[in-house]
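Computed from a prediction, not measured in an experiment: that's the story for all the values here. A, B, ... follow the sequence lines: proteins, then strands. Residue 1 opens every chain.
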Amino acid sequence: MTYTLTTPLYYVNDKPHLGSAYTTLACDALARFQRLIGERVLLITGCDEHGLKIQRTAEAAGLSPQAHCDLVSAQYQELWRRWGISNDRFIRTSDPRHRSLVEQFYRRVEAAGDVVEGRQQGWYCVACEEFKDDAHEAEDPECPIHRRPLEWRDELNLFFRLSRYQKPIEALITQPGFIAPASRRREVENFVAQGLRDFSISRRQLPWGIPVPGHPGHTFYVWFDALLGYLTALLEPGDPPDLELAISYGWPAQLHVIGKDILRFHAVYWPAMLLSAGLEPPRQVFGHGFLTREGQKMGKSLGNVLDPAAMLEHCGTDAVRWYLLRDIAFGEDGDFQQQRFLDLVNNDLANTIGNLLNRTSSMARRWFADAVPAVSAAVTDQHPLAQAATTARQLVLEGMGRLDFRQAAEAALQLAITANGFLNDQTPWSRIKREEERQQVADDLYAVLEASRHVALLLAPLLPELSGRMLLQLAQGPIASGSDAAQSLPSAWLAQLQWGGLVCGLPLPEPAPVMARLEPIEWL
RNA sequence: GGCUCGGUAGCUCAGCUGGUUAGAGCGUGGGAUUCAUAACCCCAAGGUCGGGAGUUCAAGUCUCCCCCGAGCCA
């Protein structure tokens, strides 16, 4: 069984924004977690590159659509690379193989009798790539979302007979867990309850798209084309474009993670298309919330967009990942507040977690020959820190499994807080002055080092870089969770999350802060 | 206009099927300490739980109305 999960395929209309980074980061954390517990994972991301909007953007820039897409999708790939995103695939819908797969998929849908011709006239928003319901006689209507003029269209298009899937879709979306978070389910249910209408899957006079076989002059509607990218993405780089082959690698997807704005496409249209083609719908669609900044919508007009590339450069991946995953309930909308960002990163990561490791390692080295102290029999899995580690492990596993990144992050952090408290209670720096307490000090420091090792391991899916630096300070080998991680069953990670794994006498490297404090940010 | 979510300490939020003095983190103030990244640890202040009415022995927790915010559909 392969755990296939996808980010949206980002529309290459503009350079990546923080919202895309947020989605991708979350998926990366989840993918890493699944790998760590021993699953074979296919993390899919990529770019959606067709459509009138892109064609026009390219024209405005004096580029061919393909050249424009090459440029922007390269930015995405570069950004994900720099963020250390562990995607196993990167699909571009302008990939020739994709075209072939779309054709194969379309033929199945056609053969199922689900394609009909129909006339469509109405007001069209190019930015939405969608017909709006404005009255025909409306004068100069605007798109309420984009506040741009709508264009009048009157064309003969191909329609997908979504209406035939009313019952199956109703059954699907009422399945518990299919739409997550549960709070968004009602919204889709209401939409479906109004009755599903056929929707057009082709456009005329749109050169920048995939031609519909057998219908000269028609190209596929971007959504029909884009969603299928999830299937094309399954292919290995050198594979022939074969739908069956693609499917065999890992369909159905376990999870599509998307922004809440495109929930309907993923929870209604897409499953119906798949059913029509004789394929299984995905197991779960998770619609997360949006990010605001200091309470305000981010947008070019307000000039308050956060550039993910700049954030990465100034703050590093750990800081940003921590803030987004630890402080925002995944699924809910979130607000980026600079002060809170600094406070949390500095408190949690630098002061609590980083300093814990630093102070403990420093004491161990000073008093125990630069190594992990030798413990007495008193340090068992009944040790308070062992119990705290078990609790943390449980909460992390459970939280990550439910995409509750916040719970997982807080659980790991709590273990570090408990360990800091333990140190302060035991005061090894006083006890070491009395020779008869030396063993007690050894035991205490061992327990805290071991707890730190657990913190590092528990952070692996959330903050792979920091986790790695911590393990290094503890003289531990790295824990692989990236796309190159070999599948390990039983999970090596879970095996290491057993109390007492730290070897006594292991030489510890010279302490170096694993997480620097962030300075107030002027570049924002 | 219909529907769906929210409105709880300065900020971000927990509060399951109603039940002793409404919780956490951050921020703020104080204390303690020196192993450590002026870090860690402890303590404290702070809320008429959006407003109003009702049900109940008892409501942040249920019902109704209203106000505010977000969203979906029209």
Side-chain angles (χ1 to χ4, degrees), chain A residues 130 132-135 144-145 173 179 181-197 259-265 267-268 287-292 294-297 322-324 326-368 373 404 406-407 409-411 413-414 416-433 441-442 444-445 448-449 452 466 469-470 473 508 510-519:
Chain A
E130 208 173 47
K132 297 289 171 183
D133 291 322
D134 293 61
I145 298 166
I173 62 174
I179 294 175
S183 53
R184 297 203 197 288
R185 193 162 90 197
R186 189 63 56 84
E187 185 180 309
V188 178
E189 281 174 353
N190 288 345
F191 173 76
V192 173
Q194 291 176 349
L196 294 175
R197 290 186 294 179
K260 60 183 183 178
D261 55 330
I262 52 175
L263 184 56
R264 212 165 78 205
F265 288 100
V268 178
H288 72 247
F290 288 151
L291 258 27
T292 51
E294 313 291 347
Q296 286 199 304
K297 219 174 213 174
W322 183 252
Y323 183 72
L324 296 177
R326 126 100 221 238
D327 202 40
I328 295 168
F330 196 57
E332 310 286 295
D333 287 346
D335 189 35
F336 182 92
Q337 292 173 296
Q338 177 168 327
Q339 189 57 53
R340 187 163 172 79
F341 171 59
L342 295 174
D343 286 342
L344 282 188
V345 169
N346 289 343
N347 274 304
D348 300 346
L349 263 30
N351 297 351
T352 300
I353 293 175
N355 185 47
L356 169 69
L357 183 57
N358 197 242
R359 67 196 295 213
T360 313
S361 160
S362 157
M363 286 186 274
R365 279 173 50 95
R366 180 169 311 167
W367 304 319
F368 296 92
D404 188 341
R406 181 199 268 185
Q407 173 178 309
E410 285 179 348
L413 177 65
Q414 186 54 52
I417 292 172
T418 305
N420 268 320
F422 177 79
L423 269 185
N424 282 50
D425 290 343
Q426 298 303 105
T427 60
W429 47 90
S430 307
R431 292 189 154 172
I432 196 65
K433 291 169 186 162
V441 173
D444 291 345
L445 291 183
V448 176
L449 285 170
S452 303
L466 176 59
R469 289 195 299 275
M470 290 180 73
Q473 284 278 294
L508 290 170
E510 192 168 337
V514 289
M515 186 72 199
R517 298 163 62 84
L518 291 178
E519 296 303 321

Which word best sums up how the rings of A/Tyr323 and A/Phe341 line up, parallel for under 30°, tilted for 30 to 60°, or perpendicular for over 60°? perpendicular
Which atoms of nucleotides 1-11 of chain B (N or O only) lie under 3.5 Å from a protein N or O atom, and what are those distances?
residue	atom	partner	partner atom	Å
B/rC3	O2'	A/Asn190	ND2	3.2

Counting the atoms with a prime plus P, OP1 and OP2 as sugar-phosphate, which does A/Arg406 contact under 4.0 Å by heavy atoms, base, sugar-phosphate, or nothing? sugar-phosphate
Look at the side chain of A/Asn351 and the base of B/rA39, then say whether one donor and one acceptor between them are separated by less than 3.5 Å. no
Going by side chain to side chain donor-acceptor pair (under 3.5 Å), name the residues that satisfy it together with A/Asn355, two or more places apart in sequence or in a different chain. none
With A/Asp343 via side chain to side chain donor-acceptor pair (under 3.5 Å) - residues at least two apart: A/Gln339
Taking all atoms of both residues into account, what is the closest heavy-atom pair of [X] and [Y], and its distance?
X	Y	answer
A/Ala267	A/Val188	CB-CG1, 4.4 Å
A/Trp429	A/Asn424	CH2-CA, 3.9 Å
A/Gly334	A/Ile328	CA-CG2, 3.8 Å

RNA chain B stem ranges, 3 or more consecutive Watson-Crick or G-U pairs under 3.5 angstrom: B:1-7 with B:67-73, B:10-13 with B:23-26, B:28-31 with B:41-44, B:50-54 with B:62-66
Go through the structure and list residues passing ring pair (Phe, Tyr, Trp, His ring centres under 6.0 Å) with A/Phe368, not counting sequence neighbours. none
Kindly give the atom pairs (protein nitrogen or oxygen, nucleotide nitrogen or oxygen) under 3.5 Å for nucleotides 27-33 of chain B.
residue	atom	partner	partner atom	Å
B/rG27	OP1	A/Asn347	ND2	3.1

Chi class for B/rG60: syn within 90° of 0, otherwise anti: anti
Grab the [atom1]-[atom2] distance between [X] and [N] for me, whole Å please.
X	N	atom1	atom2	answer
A/Glu410	B/rG25	CD	P	10 Å
A/Ile179	B/rG71	CD1	P	19 Å
A/Arg359	B/rA36	CZ	P	10 Å
A/Arg184	B/rC72	CZ	P	10 Å

Using the side-chain contact (heavy atoms from CB on, under 4.5 Å) rule, pick out the option among A/Arg326, A/Met515, A/Arg517 that qualifies with A/Val345. A/Met515
